[in-house]
Amino acid sequence: MGRKSVAVLDVRSSEVAVIIGERGVNNTFVLKGSKTEEYDGYDEEKFYDANGLADAVIRAVSAVEQMCGERIKELYVGVPGAFTVVEPKEQSIAFPKKRKIGQKEIDALFASGNNQKAGYHFIRATSMIFVTADNRRVVDPSGLSSAMLSGVLSYFYCSEYFVEVMEEIFSEMKINLHYLPSQFAMATYLIPSETRDEYAIFFDAGNQSSTMSVLLGNGVLAQETFPVGRANVVARLMQEFSLPYEAAVSVLSKANLYAKNGGSTEYLFQGVPYEIDSDKLIETVKEGLDGICEAMGAFLEDCSGKELDYKPVFVTGEGLFEIRGALEHISKRVNRVCEQLAPDLPYYNKPSMSSRIALIDLAYEDHRKNGLLQRILNGFGG
């Protein structure tokens, strides 16, 4: 694989996608190959069918390698919120005397709070804010002089179960795996840093699983994953109108919560007509969305505080964007302005693409930094 290219595995709650891409001009991305495969998903702890997941991942990897005509050697795996734990910590280190803060000191501060967590694998640490001895609060302390450095930091851990499943899938493929927190990647890619510096609320709506986060600076202050998403709405449609799954998904994609005409509408799916009462359809979709609203409301109540008062909720993911009027309904129910986010890129400007583009962006930055470190260690000798 080319030195400028990165390969990413995006694990969502109903599908996996493997993408090979590289950064283009003006911070755009060029996707050299992409393949999506459906699978059964997961609950709060485990995949429903690990073998089915493995088959889907292997098919996606093989397809992308064939598209690009090259073998993947390094793969960045996005870890969904269900398998991620974020621990915010306040850490502080002191120096024998005043010194100029550099990467060595920052790394030492991060290391001071990185404790082993039973059942989990450490994958990343980021900062919300740094504080120097004279109480200067900064996003980046590099270059400042101080006898002490403290910070409010976020430590990201991936469940050992998730790592074991992935290692087993790739055990015979000779691919080195690196793990990235998916929701963190999306939040920091989609929400501007100046917005996150004053707290931000982020909601990733998936198909079977959704995650909500409170962001501060380059870190995550609180995060929780709920077993709710578009599948809740689909299940209600199946039950209410006696629809097979695929037909319910099709009907949902045509639902419009703004509609006021009432009466019955005929939906044709694979040649089979279904007579659906429009008012009952809207009512059923809203009932399904209310389950998502309840989870969001409970999280917001737990994280209540003046810093978050009146803050909008930034929403992305494939779970809601195809349901016309869904965001407005949720906004009314949780009493918050909800703003939809998507990559600001041609061809990829849909919320369903957020995780893929964000993971490529974070993977590219890690790849670039690791490559630079290796060149420094090798004296730029290649």
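Scope of the values below: all heavy atoms of this structure, side chains included, with no hydrogens, waters or symmetry mates. Every value quoted in this text rests on a predicted model; they were computed, and no experiment measured them.
- Put simply, the residue from Ile169, Leu75, Val163 that forms a side-chain contact (heavy atoms from CB on, under 4.5 Å) with Leu177 is Leu75.
- Taking Ile, Leu, Val, Met, Phe, Trp and Tyr as hydrophobic and joining them when side-chain heavy atoms fall under 4.5 Å apart, one finds Leu153 in a cluster with Val85, Ile93, Phe95, Ile101, Ile106, Leu109, Phe110, Tyr120, Phe122, Phe130, Val138, Leu144, Leu149, Tyr155, Tyr157.
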Can you check salt bridge (charged side-chain N to carboxylate O under 4.0 Å, His left out) on Lys117 and Glu160, steps first, answer last? CA-CA 10 Å; Lys117 186 175 178 63; Glu160 290 289 359; over 6 Å; no
Going through the distances and angles, do Lys89 and Glu87 end up as a salt bridge (charged side-chain N to carboxylate O under 4.0 Å, His left out)? CA-CA 6 Å; Lys89 296 181 182 180; Glu87 289 190 351; 3.8 Å; yes
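- Remark: Glu167 pairs with no residue by the salt bridge (charged side-chain N to carboxylate O under 4.0 Å, His left out) rule, at least two apart or across chains.
- The salt bridge (charged side-chain N to carboxylate O under 4.0 Å, His left out) analysis of residues 45-60, with sequence neighbours excluded, yields the pairs Glu37-Arg59.
- Each side chain to side chain donor-acceptor pair (under 3.5 Å) pair with one or both residues in residues 98-111, not counting sequence neighbours, appears once here: Arg99-Glu105, Gln103-Asp107.
- Among residues at least two apart or in separate chains, side chain to side chain donor-acceptor pair (under 3.5 Å) pairs with a member in residues 238-251 are Ser250-Lys254.
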Please set out all donor-acceptor pairs under 3.5 angstrom arising from side-chain atoms of residues 291-304, sequence neighbours excluded.
{"unit_1": "Ser304", "atom_1": "OG", "unit_2": "Glu301", "atom_2": "O", "d": "3.1"}

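- When each of Val61, Val64, Val16 is checked for a side-chain contact (heavy atoms from CB on, under 4.5 Å) with Lys35, only Val64 meets the rule.
- Legend: ring pair (Phe, Tyr, Trp, His ring centres under 6.0 Å) pairs involving residues 59-88, not counting sequence neighbours, sorted by first then second residue: Tyr42-Phe83, Phe47-Phe83, Tyr76-His178, Phe83-Phe162.
- For residues 312-331, the pairs satisfying side chain to side chain donor-acceptor pair (under 3.5 Å) are Arg12-Glu318, Tyr258-Glu328, Asp290-His329, Thr316-Ser354, with sequence neighbours left out.
- For an aromatic pair to be called close, the ring centres must be under 6.0 Å apart, and Phe156 with Phe184 satisfies this.
- Residues that satisfy the side chain to side chain donor-acceptor pair (under 3.5 Å) test with Ser142, not counting sequence neighbours, are Asp140.
- Residues satisfying the side chain to side chain donor-acceptor pair (under 3.5 Å) test with Thr36, not counting sequence neighbours, are Arg356.
- Lys311 has no carboxylate O lying under 4.0 Å from a charged side-chain N of Glu198, or vice versa, which leaves the two without a salt bridge.
- Applying the ring pair (Phe, Tyr, Trp, His ring centres under 6.0 Å) rule to pairs touching residues 193-244 yields nothing, sequence neighbours excluded.
- Defined by atom type and a distance below 3.5 Å, a donor-acceptor pair is missing between the side-chain atoms of Ser13 and Gln208.
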Could you go through Glu287 and Arg236, starting from their C-alpha distance and side-chain angles, then the distance that decides it, and tell me whether this counts as salt bridge (charged side-chain N to carboxylate O under 4.0 Å, His left out)? CA-CA 8 Å; Glu287 288 174 354; Arg236 284 186 173 270; 3.5 Å; yes
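- Grouping Ile, Leu, Val, Met, Phe, Trp and Tyr by side-chain contacts under 4.5 Å, direct or through others, leaves Val131 on its own.
- A salt bridge links Arg124 with Asp366: the closest approach of a Lys/Arg side-chain nitrogen to an acidic carboxylate oxygen falls below 4.0 angstrom.
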Could you walk me through whether Lys286 and Glu283 satisfy the salt bridge (charged side-chain N to carboxylate O under 4.0 Å, His left out) test, starting with their C-alpha distance in whole Å, then the side-chain angles of each, then the deciding distance to 0.1 Å, before giving a yes or no? CA-CA 5 Å; Lys286 287 182 176 180; Glu283 180 185 337; over 6 Å; no
